[in-house]
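In what follows, a structure is listed as structure tokens, so that the remarks can point back to it.
Whatever order the structure lists ligands and atoms in, that order sets their numbers, starting from 1. Numbers for residues simply follow the sequence, beginning at 1.
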Amino acid sequence: MFGRVIRSGPTPQHVGIIMDGNRRYARSHKMEIKEGHSLGFETMANTLELLYESGVTAATVYAFSIENFNRSSFEVKWLMDLAKAKFTQINKNGFLCQDYGIRIKILGNLKLLPPDVLEILHETEEITKHNTRAVLNVCFPYTSRDEMKNAIKNVVEEATRSGIVINEKTLENYLYTADSPPLDLLIRTSGTYRLSDFLLWQCTSPDCAVMFVDKLWPEFTPWDMFKILITWGFNKYWYGSSSGDGVNPMALAATTLMNDGAHAQEKIKDGEDGELIAASQIQTTGFSRLRSEEDDEEITDISSRDVESENDTITSEEEGEPASQAFTKGQ
Ligand SMILES: CC(C)=CCC/C(C)=C/CC/C(C)=C/COP(=O)(O)OP(=O)(O)O
């Protein structure tokens with residue numbers, strides 16, 4: 001139903017998502033970190049379903065940054081196990097790929113992946129390669145700087161071989177996203193105003209809107225996605241630009257709708273000591289989250305305090321067993 005409403009107006013063709021906040025969500029709900037990531041996968045599935053229903057033809061998700069290899073070995077293993085479990089399910093059951101004709105592509109520096117993970121991901125790409133209605137780019141493991149370095153290396157090699165001219169257009173052809181339409185919308189959750197080395201080249205496209213959402217990724221719902229798409233559509237319709245420079249009453253109304261009443265207060269308690277770590281006030285003109293120093297860590301970083309506290313909780317988990325039950329949609 002949401003999808004049909006969105007499809008009746010302008011729809012972004014390519015949406016990128018920084019799915020941030022799984023660990024904070026897990027901590028604030030006294031869960032294991034890996035459960036937070038598992039819930040994050042479920043949120044990703046629900047969000048993608050709405051995007052494809054709405055007519056989006058390309059979605060690019062930041063599933064693992066190259067910098068994430070600096071996290072604790074436990075967490076890296078959980079994320080790898082999660083990927084293996086989920087993509088194995090996709091290979092067996094098809095997930096949304098058959099329903100929506102989605103081709104899955106894995107973007108990033110694939111040689112950094114363990115061979116068993118790489119094998120499953122390659123199988124997913126192989127199984128879905130004939131789907132042509134839409135694409136899902138899973139960035140795993142990825143950073144923009146690495147993508148650009150790779151593109152420069154390849155374009156220089158090609159120029160040496162064939163004499164092609166190196167300019168922005170030719171360089172762009174060597175980005176991982178070369179086959180996808182220009183990026184129209186970039187979303188980041190968790191109230192953090194950074195791009196964390198994600199789609200830095202692509203988000204400079206003149207029509208690309210960047211939206212920061214003051215919710216942790218597992219809290220993000222299809223309704224939130226719907227409101228963002230409506231706002232994007234209003235901006236596109238009224239200004240001819242989705243980035244919405246200037247203020248239009250209709251767009252403001254849509255943004256207000258998006259913020260669920262504008263003054264929602266949220267408090268998140270941290271783990272055992274009950275210390276207040278975050279309070280947010282959602283504003284009509286943007287999103288802000290008052291953050292503790294702990295929250296201010298880069299998406300890709302992990303502090304020694306995190307490693308210690310996560311290692312404490314890990315001992316109570318079944319090591320290597322991802323909480324992978326969540327992703328059984330479409331079966
Ligand atoms: C295999 C696959 C496609 C997985 C999708 C699951 C998913 C949403 C992964 C995102 C992982 C990640 C490193 C998020 C970033 O911050 P953070 O959420 O770790 O934590 P923060 O609260 O510390 O910002």
Any H37 heavy atom less than 4.0 Å from ligand 1 = yes
Measure R71 to ligand 1 on non-hydrogen atoms and call it side chain, backbone, both or neither using the 4.0 Å cut-off.
-> side chain
What is the distance from atom CZ of F140 to atom CG of L113, rounded to the nearest 0.5 Å?
-> 6.0 Å
Should L82 be counted as touching ligand 1, given the test is an N or O pair under 3.5 Å?
-> no
Taking N or O atoms only and a 3.5 Å limit, does N22 qualify as a polar contact for ligand 1?
-> yes
Flag Y25 as yes when one of its N or O atoms lies below 3.5 Å from any N or O atom of ligand 1, and as no otherwise.
-> no
Does any N or O in the side chain of E49 come within less than 3.5 Å of the main-chain N or O of L96, such that one atom is a donor and the other an acceptor?
-> no
Short list, please: which atoms of ligand 1 are under 4.0 Å from a heavy atom of G40?
-> 8 (C)
Check ion pair K236-D184 (N to O, under 4.0 angstrom) = no
Taking everything shown except F69 itself, do over 12 heavy atoms lie less than 6.0 Å from its CZ?
-> yes
If you count the atoms of ligand 1 from 1 in the order shown, which ones are under 4.0 Å from a heavy atom of A83?
-> 1 (C)
In terms of atom number and element, which parts of ligand 1 are under 4.0 angstrom from non-hydrogen atoms of N68?
-> 13 (C)
Search all heavy atoms of L112 against all heavy atoms of P141 and return the closest pair with its distance.
-> CB-CG, 4.1 Å
Please state whether G21 comes within less than 4.0 angstrom of ligand 1, counting heavy atoms only.
-> yes
Is the CD atom of E119 crowded by more than 12 outside heavy atoms at less than 6.0 Å?
-> no
Is the side chain of S65 donor-acceptor paired with the backbone N or O of E67 at a distance under 3.5 Å, no angle test?
-> yes
Got a donor-acceptor contact below 3.5 angstrom from the T177 side chain to the S180 backbone?
-> no
For ligand 1, is there an N or O atom under 3.5 Å from any N or O atom of R27?
-> no
Output the list of atoms in ligand 1 that are nearer than 4.0 Å to some heavy atom of W217, sorted by atom number.
-> 8 (C)
